[in-house]
Structure formats: structure tokens, C-alpha cells
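Here the structure is a predicted model, which means the values were calculated and not measured. Atoms considered below: every heavy atom in the structure, side chains included; atoms not considered: hydrogens, waters and symmetry mates.
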Amino acid sequence: MGNIEERLKKQMEFLLEVDKLKFINRQTYLSDGKRKENDGEHSWHLALMAVLLSEYSNEEIDLVKVITMVLIHDIVEIDAGDTYAYDAVGNQSKREREVKAADRIFNILPEDQAERLRRLWEEFEAYETPEAKFAHVCDNVQPLMLNDATDGLAWREHEVKKSQVLQRNRRTGEGSQVMMEYINQILDKNVESGNLRDE
């Protein structure tokens, strides 16, 4: 019984630690434009997107693996903070900060679960497997959808250019051609309405 108690203690400690995701604010506004979303809300939204949109994946995927990836992909931001997609300076040190955070946070768990989740996080970061590619589709489409819903509120605040969004989405088509077409439609619409700068 002692081993089970110790295992459960570590699992519950991890679950309490990752509650801190709810305190990490992102740059993307909620659909009503009244406040910015937090990492907990973002991760939940991606998990639901994966369930509903997995039929548009270019390849067969393990949906449970994708859901797990999107639920854990931002856990490192508890320590590393959210790095805005279009922050050139912040992105230079992002990997180093996030690896250090992954070392600490995942290792709260029992060893087998720590290794499994850390492997999945690294797989997401590597962007090579069908599951990682589709998890990135969800991670890329979700802020675009919210920016579209708020008439480009965050884009306008940060003076984001269409070329920057396209650069961030340069690999999205590898995971889903259908969702890449959706992205292009959103971008064209927002350039036309003046919400996104075209140069």
C-alpha cells in the first residue's frame, strides 16, 4: 500500500502544480475580446479541437496521443512564461528556458509517467510524427480563430503582419491541408478588413 500512496502523492502534487497553467496569460484574447486567455483555457480548447478536427489530419493519428500532447505542451510555461509567437527576442532563449522547466515539472511525477510525458513533450517540440504535426495544427489554428473572432484585436495591438503569421504556419499544411486552407481564408479576410497588415 505504501508504494501506491507514494505514487498517488506524486501524481496529485503534479496535478496541483499544473493548476498554475491557469495563471499564465497569453497574448490571444477570448472570443468576446474582454480579456486574454490563459494557458489552461488554451490547452483545453486544443484538446477539444483535436477531438473534433482529427478527421482533417493528412495522416492516420493516435488521437489519445494528440490530446495528451496538446494538454501538456505548454506546461513548461509555468516556469518559462509564455513567449509570444511574434517576439523575436524572447524566442531566442525559449528552448533553453522550456527545457529547464520540463526537467523540473515533469519529474514531479512517478518516474514512468515523468518519462512518458517528457517524451511526448519532446515529440511535440520535434514536429516530426503525424501526431506532433496535427497537435501543431491545433496550436496554430486556435489563436487564428480567436483573432478572427475579435476582429484581429491581438494582431492589431502587436502590429502583426500577414507574412509573420504565414511564417509561423509554414508547416501547418504538413499536418492538415484542409486546415491550412482554412488559415489562408482567415488571413485573406483579415487583410481585406484591415485587421492584419499586408506588406
Side-chain angles (χ1 to χ4, degrees), residues 21 24-31 36-63 65-77 80-88 90-91 94-95 98 120-191 195-198:
L21 269 182
I24 309 297
N25 289 323
R26 296 168 46 80
Q27 292 301 314
T28 308
Y29 284 89
L30 297 178
S31 56
K36 293 176 179 177
E37 71 173 349
N38 64 51
D39 271 349
E41 292 164 332
H42 172 68
S43 298
W44 159 81
H45 213 180
L46 297 192
L48 192 53
M49 287 180 84
V51 170
L52 298 178
L53 304 177
S54 60
E55 64 191 86
Y56 303 117
S57 175
N58 291 344
E59 303 173 76
E60 286 290 317
I61 51 173
D62 176 342
L63 184 56
K65 194 174 179 185
V66 174
I67 292 168
T68 307
M69 271 184 195
V70 298
L71 286 173
I72 67 167
H73 80 292
D74 278 341
I75 279 176
V76 292
E77 293 184 0
D82 175 57
T83 306
Y84 187 47
Y86 307 112
D87 175 0
N91 276 291
K94 179 180 175 186
R95 174 71 184 167
E98 291 189 347
L120 279 177
W121 180 76
E122 292 288 3
E123 184 178 331
F124 173 84
E125 291 291 303
Y127 211 133
E128 290 169 359
T129 63
E131 288 80 11
K133 289 175 184 176
F134 194 73
H136 276 280
V137 168
C138 298
D139 195 30
N140 291 342
V141 168
Q142 192 258 6
L144 265 82
M145 178 185 72
L146 291 177
N147 266 297
D148 184 47
T150 59
D151 295 323
L153 187 53
W155 284 335
R156 285 185 280 114
E157 273 185 4
H158 294 278
E159 298 182 343
V160 174
K161 300 172 189 169
K162 179 183 177 183
S163 61
Q164 291 174 284
V165 183
L166 285 173
Q167 174 62 22
R168 177 165 165 74
N169 283 279
R170 68 192 181 283
R171 298 187 62 190
T172 302
E174 293 177 30
S176 174
Q177 212 44 61
V178 170
M179 296 312 297
M180 190 64 222
E181 288 167 21
Y182 172 80
I183 286 171
N184 285 327
Q185 288 170 10
I186 284 183
L187 295 184
D188 290 345
K189 172 187 163 190
N190 281 277
V191 165
N195 297 330
L196 191 60
R197 292 170 58 198
D198 198 4

Q: Begin with the C-alpha distance, continue with both residues' side-chain angles, and end with the deciding distance and a verdict on side chain to side chain donor-acceptor pair (under 3.5 Å) for Tyr56 and Gln177.
A: CA-CA 8 Å; Tyr56 303 117; Gln177 212 44 61; over 6 Å; no
Q.
We want to know whether Asn190 and Asn147 form a side-chain donor-acceptor pair, criterion being a heavy-atom distance below 3.5 angstrom.
A. no
Q.
Under a 3.5 Å threshold, yes or no: a donor from one side chain and an acceptor from the other, between Glu174 and Tyr127?
A. no
Is there side-chain contact between [X] and [Y], with at least one heavy-atom pair below 4.5 Å?
X: Tyr182; Y: Met145; value: yes
X: Phe134; Y: Met69; value: no
X: Leu146; Y: Leu153; value: no
X: Lys65; Y: Glu123; value: yes
X: Val141; Y: Met49; value: yes

Q) When you look at Asp188 and Lys162, which way does the salt bridge (Lys or Arg N to Asp or Glu O under 4.0 Å) test go after all the steps? A) CA-CA 9 Å; Asp188 290 345; Lys162 179 183 177 183; 3.3 Å; yes
Work out which heavy atom in [X] is nearest to a heavy atom in [Y]; give both atom names and the distance.
X: Val137; Y: Ser176; value: CG2-N, 3.8 Å
X: Thr28; Y: Ala154; value: CA-CB, 4.5 Å
X: Ala135; Y: Val70; value: CB-CG1, 3.7 Å
X: Gln27; Y: Asp82; value: N-OD2, 4.0 Å
X: Thr172; Y: Ile183; value: CG2-CD1, 3.7 Å
X: Glu159; Y: Gln164; value: O-OE1, 4.0 Å

From [X] [atom1] over to [Y] [atom2], what is the distance, rounded to the nearest 0.5 angstrom?
X: Asp74; Y: Trp121; atom1: CG; atom2: CH2; answer: 10.5 Å
X: Glu41; Y: Ile24; atom1: CD; atom2: CD1; answer: 12.5 Å
X: Ile67; Y: Ser54; atom1: CD1; atom2: OG; answer: 8.0 Å
X: Asp39; Y: Leu21; atom1: CG; atom2: CG; answer: 5.0 Å
X: Lys161; Y: Trp155; atom1: NZ; atom2: CH2; answer: 15.5 Å
X: Asn169; Y: Asn140; atom1: CG; atom2: CG; answer: 4.5 Å

Q: May I ask you to decide if Gln167's main-chain N or O and Arg170's side chain share a donor-acceptor pair within less than 3.5 Å?
A: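 Answer holds: yes.
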Q. Which is it for Phe124 and Asp139 under the side chain to side chain contact (heavy atoms under 4.5 Å, CB included) test, yes or no, and what are the steps along the way?
A. CA-CA 11 Å; Phe124 173 84; Asp139 195 30; 3.9 Å; yes
(Q) Show, in sequence, the C-alpha distance, side-chain angles and deciding distance for Arg26 and Lys36, and conclude whether the side chain to side chain contact (heavy atoms under 4.5 Å, CB included) test is met. (A) CA-CA 6 Å; Arg26 296 168 46 80; Lys36 293 176 179 177; 5.7 Å; no
Q. Using 30° and 60° as the class limits, which term best fits the ring planes of His73 and His42: parallel, tilted or perpendicular?
A. tilted
Q: Verify side chain to side chain contact (heavy atoms under 4.5 Å, CB included) between Leu166 and Asn184, making sure each step is shown before the conclusion.
A: CA-CA 9 Å; Leu166 285 173; Asn184 285 327; 3.8 Å; yes
Q.
Set out, in order, the CA-CA distance, both residues' side-chain angles and the distance that settles side chain to side chain contact (heavy atoms under 4.5 Å, CB included) for Asp151 and Arg156, then state yes or no.
A. CA-CA 9 Å; Asp151 295 323; Arg156 285 185 280 114; 3.9 Å; yes
**Q.** Test salt bridge (Lys or Arg N to Asp or Glu O under 4.0 Å) applied to Glu60 and Lys133, step by step
**A.** CA-CA 11 Å; Glu60 286 290 317; Lys133 289 175 184 176; over 6 Å; no
